[in-house]
Amino acid sequence: MDLFQELAQLGITDQRVLDAMRRVPREQFVPPFLRDRAYENRPLPIGNEQTISQPLVVAEMIQHAVPSTDGRVLDVGTGSGYQAAILAELYERVYTVEIVEPLQRGAQKVLGQLGYTNIEYRLGDGSQGWPEHAPYDAIVVAAAPRAIPPAFIEQLAPGGRLVIPVGTARKQHLTVVEKLQDGSLREMRVAPVSFVPLVDGDPG
Ligand code: SAH
């Protein structure tokens, strides 16, 4: 069974998400010595003590974000750029923020080589979102704060969704916050997860 059949069996029912994941060459986002493991359903190290997320977790997060082809999405924690690539397949415009400089540079290079032109990059602290391009139809966060930063909620469009791991290294839940059309919020905890902490503050 290949990775994508496995994802479908594990509950990824949104065909758009599965198709987008098939189109993105994950081996381009991992270090050369790990390329033969790129299609295993596992996180892998990418240097600077960070990891490329597990394919299932990426797929779940994007499925919860509910892709819309004309939408704008904020991706916090660019890392390898893998999730940004899948988002770029699904949304009109992707805004991605990474705090670790070599990772930011590496991701921008790979995504450029793969021909993505609908991604904007920022090096810096994404814990306050990226207000200049708000509001977003979706905000997807790949690192865990202890509590949801209010900036993310503020920068969500009506009807938009925030998908974010919340908690400590020991106890963390993937959380989905939906901002309804009238501005009220609906929050759901969807699964226990294990992400690196969201760093608070600017680099350097
Ligand atoms: N989406 C990535 C997953 C990377 S892991 C991928 O597909 O590969 C999470 C990333 O969040 C790490 O690269 C880490 O450096 C970054 N990060 C942590 N705190 C951050 C912050 N405050 N702002 C931006 N990025 C942050």
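Start at 1 and go down the list; that is how both ligands and their atoms are numbered.
- Ligand 1 has at least one atom lying under 4.0 Å from a heavy atom of Gly124.
- Those atoms of ligand 1 that come under 4.0 Å of a heavy atom in Ser80, given as number and element, are 6 (C), 7 (O), 8 (O).
- A side-chain donor-acceptor contact under 3.5 Å links Gln63 to the backbone of Gly11.
- Side chain of Asn118 to main chain of Tyr91: a donor-acceptor pair is present (N/O by atom type, distance under 3.5 Å, no hydrogens or angles).
- Between Leu10 and Asn41 there is a side-chain heavy-atom pair separated by less than 4.5 Å.
- Contacts between Gln83 and ligand 1 below 4.0 angstrom, taking non-hydrogen atoms only, involve backbone and side chain alike.
- Side chains of Gln9 and Gln5: a donor-acceptor N/O pair is absent below 3.5 angstrom, by distance only.
- Here Asn48 has no heavy atoms under 4.0 Å from ligand 1, in either its backbone or its side chain.
- Ring-plane geometry between Tyr95 and Trp130 is classed as perpendicular, the angle between the planes exceeding 60 degrees on a 0 to 90 degree scale with a lower cut at 30.
- A cation-pi arrangement is present between Arg26 and Tyr82 under the rule of less than 6.0 angstrom and at most 45 degrees off the ring axis.
- Checked by distance only, ligand 1 and Ala142 stay at 3.5 Å or farther apart across all their nitrogen or oxygen atoms.
- Between Leu103 and ligand 1, not a single N/O pair is under 3.5 Å apart.
- Closest heavy-atom approach to atom 17 (N) of ligand 1 within the set Val100, Ile99, Asp125: this belongs to Ile99.
- Contacts with ligand 1 closer than 4.0 Å are made by heavy atoms of both the backbone and the side chain of Ile52.
- The contact set between ligand 1 and Val97, taken as ligand atoms under 4.0 Å from a residue heavy atom, comprises 24 (C), 25 (N).
- When non-hydrogen atoms are compared, ligand 1 lies under 4.0 Å from the backbone of Thr78 (N, CA, C, O) but not from its side chain.
- When Pro197, Gly79, Gly77 are ranked by how near their heavy atoms come to atom 1 (N) of ligand 1, first place goes to Gly77.
- When only modelled atom types and interatomic distance are considered, Tyr121 and Glu98 share no side-chain donor-acceptor pair under 3.5 Å.
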